[in-house]
There are 2 protein chains.
Amino acid sequence: MERKIPQATAKRLPLYYRFLNNLQHQGKSRVSSKELSLAVKVDSATIRRDFSYFGALGKKGYGYNVEYLLGFFRKTLNQDELTNVAIIGVGNLGTAFLHYNFLKNNNTKIVMAFDADPKKVGQDVEGVPIYPIDNLEEKLKDVRVAILTIPASEAQGVTERLVKAGIEGILNFTPARISVPNYVRVHHIDLAIELQSLVYFMNHYPLPDKEEI
Amino acid sequence: MERKIPQATAKRLPLYYRFLNNLQHQGKSRVSSKELSLAVKVDSATIRRDFSYFGALGKKGYGYNVEYLLGFFRKTLNQDELTNVAIIGVGNLGTAFLHYNFLKNNNTKIVMAFDADPKKVGQDVEGVPIYPIDNLEEKLKDVRVAILTIPASEAQGVTERLVKAGIEGILNFTPARISVPNYVRVHHIDLAIELQSLVYFMNHYPLPDKEEI
DNA sequence: ATCCTTTTGTGAAAAGAATCACGACTTCTA
DNA sequence: TAGAAGTCGTGATTCTTTTCACAAAAGGAT
Ligand SMILES: NC(=O)c1ccc[n+]([C@@H]2O[C@H](COP(=O)([O-])OP(=O)(O)OC[C@H]3O[C@@H](n4cnc5c(N)ncnc54)[C@H](O)[C@@H]3O)[C@@H](O)[C@H]2O)c1
Ligand SMILES: NC(=O)c1ccc[n+]([C@@H]2O[C@H](COP(=O)([O-])OP(=O)(O)OC[C@H]3O[C@@H](n4cnc5c(N)ncnc54)[C@H](O)[C@@H]3O)[C@@H](O)[C@H]2O)c1
C-alpha cells in the first residue's frame with residue numbers, strides 16, 4: 001500500500017472522482033487543473049500536487065484526460081469493489097440514510113440495519129432489512145463498515161459489540177467520542193458542532209465587507 | 001474581534017464546551033488537560049495550547065476550574081445569544097434535523113423551514129412552520145444561518161436567493177460546491193464523501209495489527 | 001516546613017499542508 | 001515551421017498545526 005499520500009490529499013480524492021464522473025457524463029474528454037479548481041473550489045496548485053503523488057497523470061500544455069484520470073481514480077478508490085455498510089439505529093438520521101441512495105457514483109451499499117426498538121425491527125426500508133440489535137453478531141457478515149446513529153449514551157457499548165463482530169470502520173454521528181482498538185478506524189461527524197462552529201466563524205472571523213455579488 | 005485564534009483551535013471549541021458542560025452536570029469542579037484529552041481524544045498539549053490562546057485559564061499543579069472555564073467559553077462561543085436557523089428543503093435529511101433538538105447545550109434554533117413541494121408546505125414539524133420557497137425573501141427575517149438540504153441541482157440557484165435575502169452562513173449538505181460572495185461563510189458536509197474517504201483510509205492506511213482489545 | 005507530585009504555559013522543533021513561481025513540454029495557429 | 005499560448009510537475013517557500021519537553025508554580029502529604 002502506498003503509504004505516502006497526505007491525509008489532506010486522500011480526503012479530496014472522492015471529491016475529484018465525483019467531479020470527473022460528472023465531466024464524463026457531460027461528454028468532456030479533457031480538463032485542466034484550473035477548470036477543476038473552479039468546480040471543486042480547491043487551489044489549482046493543490047490539485048496538481050495532489051495528482052502528482054500518483055505520478056505524472058497529465059500532459060503539459062494539455063491538461064488531464066478525463067477518461068484516463070477517472071480510470072485511475074476508480075482503481076485507487078476501489079470503485080469496482082462494493083463495500084457493505086450497516087446502519088446502527090434507525091431513527092431520524094438512520095432512516096434518512098436508508099432512504100438515500102449512497103450508491104450513486106459510490107462504492108458503498110447499505111445492506112442491513114439494526115435497532116433496539118421492537119416496533120422498528122422486522123420492517124424493511126427500501127429493501128434493507130432491519131434486524132434486532134441483539135442479533136448483531138450473528139447477522140453482521142461481510143460488513144466492514146457501520147454508520148452509528150443511536151443515542152450517544154448507547155454509543156460506547158454498541159461500538160464494542162461492533163468491534164467484536166469484526167467491523168473495521170465506523171462513521172460516528174453521535175456526539176460521543178468513542179474508544180476503539182487501534183485497528184479500527186473511526187470518523188466523527190458531529191452535526192451540532194459543525195453548526196456551532198459555523199456560527200463561531202461567522203462571529204469571529206468577519207469576512208471582507210459586502211461589495212460584489 | 002481577536003483575529004489570532006487558529007482555525008483548527010476554533011473548530012475544537014464547541015467540543016470542549018460540550019464536554020465541560022457534561023462535567024459540570026456530573027458535579028465535577030476541576031479537570032486537567034490530561035483528563036480532557038482522554039475524553040475528547042485530542043492530545044493534551046494541543047488542549048493546553050488551544051486554551052492558552054485565550055490567556056492563562058488554568059492553574060499549575062491543579063488544572064482548570066470547570067465552572068470558570070465553562071463561563072469563559074460560554075461568552076466566547078456566544079452561548080447566551082440564540083442564533084436563528086432555517087432549513088431549506090424538508091426531505092429526508094431536512095426532516096431529520098427538524099425532529100432533532102439542536103438546542104440541547106447549543107445556541108442555535110431552527111425557526112423555520114422552506115420547501116418547493118406544495119404537499120409539504122403549510123404543515124409544521126415540531127412547531128417549526130414550513131413555508132413555500134417562493135416566500136423565502138419575505139419570511140427570512142432575523143435568520144442568519146441556513147441549512148441546505150435540497151437536491152444538488154437546486155443548490156446554486158437557491159443559494160443566490162439566500163444570499164440576497166441576507167443569510168450570512170450556510171451549512172451545505174448537498175454535494176454541490178456552491179459559490180457565494182466572500183462575505184458569506186459556507187461549511188460543507190458531504191456525507192457520501194465522508195463514507196468514501198473512510199473506506200479509502202481503511203484500505204490504504206492499515207492501522208497496527210489486532211492485538212489488544 | 002519541606003519535599004514530592006502534579007500540571008500548566010510556552011519556547012522550540014517537527015510535521016503537515018498550501019501556495020508560489022517557473023522550467024519544460026505540448027498544443028494550437030497561421 | 002515558427003512562434004505564441006497553455007498547462008503540467010515540482011523545487012522552494014511560506015503558512016499552519018501538532019508535538020516535545022521543561023521551568024515554574026501550585027497542591028498535597030507528612
Ligand atoms: N437527527 C439529527 O438531526 C441529529 C443531529 C445531530 C446529532 N445527532 C445524533 O445522531 C444520533 C441519532 O439521532 P437521531 O435523531 O436519529 O435519534 P433517534 O432517537 O431518532 O434514533 C435513535 C435510534 O436508535 C435506536 N436505538 C436506541 N438504542 C439502541 C441500541 N442500543 N441499539 C440499536 N439501536 C438503538 C432507537 O430505537 C432509535 O430508533 C444521536 O446520537 C444524535 O445525538 C442527530
Ligand atoms: N439523505 C441522505 O442520507 C443524504 C446523504 C448524502 C447527501 N445528501 C444530500 O442532501 C440533500 C438532501 O437529501 P435528501 O435525501 O433530504 O433529499 P430529498 O429529495 O428527500 O429532499 C429534498 C427536499 O428538497 C425539496 N426541494 C426541491 N427543490 C427545492 C427548491 N428549489 N427549494 C426548496 N426545496 C426544494 C424537495 O421538495 C424535498 O422535500 C441532497 O443534495 C442529497 O444529495 C443526502
Side-chain angles (χ1 to χ4, degrees), chain A residues 2-16 19-20 23 28-70 72-73 177 188 197 200-201 204-205, chain B residues 2-16 19-20 23 28-70 72-73 177 188 197 200-201 204-205:
Chain A
E2 335 79 352
R3 205 33 161 88
K4 56 212 161 309
I5 282 98
Q7 300 224 355
T9 296
K11 280 206 193 152
R12 284 186 292 263
L13 297 182
L15 188 60
Y16 298 144
F19 186 68
L20 289 169
L23 281 185
K28 290 206 57 164
S29 71
R30 80 182 250 195
V31 67
S32 70
S33 62
K34 214 165 151 196
E35 287 174 84
L36 262 162
S37 170
L38 227 58
V40 299
K41 310 264 195 277
V42 171
D43 185 275
S44 70
T46 301
I47 293 179
R48 291 200 299 281
R49 173 82 60 198
D50 282 349
F51 288 0
S52 79
Y53 292 115
F54 299 99
L57 302 177
K59 232 189 253 182
K60 304 188 177 189
Y62 174 88
Y64 300 90
N65 178 294
V66 172
E67 192 162 330
Y68 177 75
L69 207 51
L70 201 55
F72 186 85
F73 279 124
R177 300 324 245 201
H188 286 275
S197 104
Y200 179 84
F201 279 109
H204 291 78
Y205 294 74
Chain B
E2 338 77 351
R3 207 28 163 90
K4 57 211 161 307
I5 282 100
Q7 300 225 355
T9 296
K11 280 205 192 154
R12 284 186 292 263
L13 297 183
L15 188 60
Y16 298 145
F19 186 68
L20 289 169
L23 281 185
K28 290 206 59 164
S29 71
R30 81 183 249 194
V31 67
S32 70
S33 62
K34 213 165 152 196
E35 286 174 84
L36 260 163
S37 169
L38 228 58
V40 300
K41 310 264 194 277
V42 171
D43 185 274
S44 70
T46 302
I47 293 179
R48 291 199 300 281
R49 172 83 59 199
D50 283 348
F51 288 1
S52 79
Y53 292 115
F54 300 98
L57 303 177
K59 232 188 254 180
K60 304 189 178 188
Y62 174 88
Y64 300 89
N65 178 295
V66 172
E67 191 161 331
Y68 177 75
L69 208 51
L70 201 54
F72 186 85
F73 279 125
R177 300 324 245 202
H188 286 274
S197 106
Y200 179 83
F201 279 109
H204 291 77
Y205 294 73

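Per chain, numbering begins at 1; letters A, B, ... match sequence-line order.
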**Report entry** Below 4.0 Å: OP1/OP2 of D:dT18 and any side-chain N or O of B:Thr46
**Finding:** no
Query raised in the report: Is B:Arg48 side chain donor-acceptor paired with the C:dT7 base, going by distance under 3.5 Å alone?
Result: no
Report task. Let me see the working for A:Thr46 and A:Arg12 under side-chain contact (heavy atoms from CB on, under 4.5 Å), right down to the final yes or no. Result -> CA-CA 10 Å; A:Thr46 301; A:Arg12 284 186 292 263; 3.5 Å; yes
Query raised in the report: Within the side chain of A:Arg30, is there an N or O that forms a donor-acceptor pair under 3.5 Å with the backbone of A:Gly63?
Result: no
Requested in this report: Could you state the atom-to-atom distance from CZ of B:Phe54 to P of C:dT8 in whole Å?
Outcome: 17 Å
Query raised in the report: Which of these nucleotides, D:dT17, D:dA25, D:dG9, is closest to any side-chain atom of B:Pro6?
Result: D:dT17
Query raised in the report: Under 6.0 Å from the NZ atom of B:Lys34, do we count more than 12 heavy atoms belonging to anything else shown?
Result: no
Report task. For B:Tyr64, answer base if it contacts any base atom (sugar-phosphate contacts may also be present), sugar-phosphate if it contacts only those atoms, and nothing otherwise; contact means non-hydrogen atoms under 4.0 Å. Result -> sugar-phosphate
Report task. Mind telling me whether A:His204 and A:Tyr200 have parallel, tilted or perpendicular rings, with 30° and 60° as the class edges? Result -> parallel
Query - Protein-nucleotide distance (B:Ile47, atom CD1; D:dC20, atom C1'), rounded to Å - result: 16 Å
Report task. Kindly indicate whether the side chain of B:Arg49 and the base of D:dT17 share any N or O donor-acceptor pair separated by less than 3.5 Å? Result -> no
Report task. Evaluate the side-chain contact (heavy atoms from CB on, under 4.5 Å) criterion for residues B:Leu69 and B:Phe51: first the C-alpha distance (whole Å), next the side-chain angles of each, then the deciding distance (0.1 Å), finally the verdict. Result -> CA-CA 9 Å; B:Leu69 208 51; B:Phe51 288 1; 3.6 Å; yes
**Report entry** Interatomic distance, B:Arg12 CZ vs D:dT17 C1' [rounded to whole Å]
**Finding:** 8 Å
Query raised in the report: Can you check the B:Tyr53 OH to D:dT18 C1' distance for me, whole Å?
Result: 9 Å
Requested in this report: Measure from the side-chain heavy atoms of A:Ala8 and tell me the nearest of C:dA17, D:dT18, C:dG9.
Outcome: C:dA17
Query raised in the report: Would you call the rings of A:Phe73 and A:Tyr16 parallel, tilted or perpendicular, where under 30° means parallel and over 60° means perpendicular?
Result: tilted
Report summary line: Ranking D:dT19, C:dA18, D:dA25 by distance to the side chain of B:Ala45, first place goes to D:dT19
Query raised in the report: Taking atom P of D:dT16 as reference, at what distance in whole Å does atom CD1 of B:Ile5 sit?
Result: 14 Å
Query raised in the report: Is the phosphate of C:dT27, meaning OP1 or OP2, less than 4.0 Å from a side-chain N or O of A:Lys59?
Result: yes
Report summary line: A:Tyr62 atom OH is separated from C:dT27 atom C1', nearest whole Å, by 10 Å
Requested in this report: Would you kindly give the CD-to-C1' distance between B:Gln7 and C:dG16, to the nearest whole Å?
Outcome: 16 Å
**Report entry** Any residue of residues 30-37 of chain B with a heavy atom less than 4.0 Å from an atom of DNA chain C
**Finding:** B:Ser32, B:Ser33
Report task. Let me know the distance between CG of A:Asp50 and P of C:dA18, rounded to the nearest Å. Result -> 7 Å
Requested in this report: Assign the ring pair A:Phe54 / A:Phe72 to parallel, tilted or perpendicular, where the plane angle (0 to 90°) is split at 30° and 60°.
Outcome: perpendicular
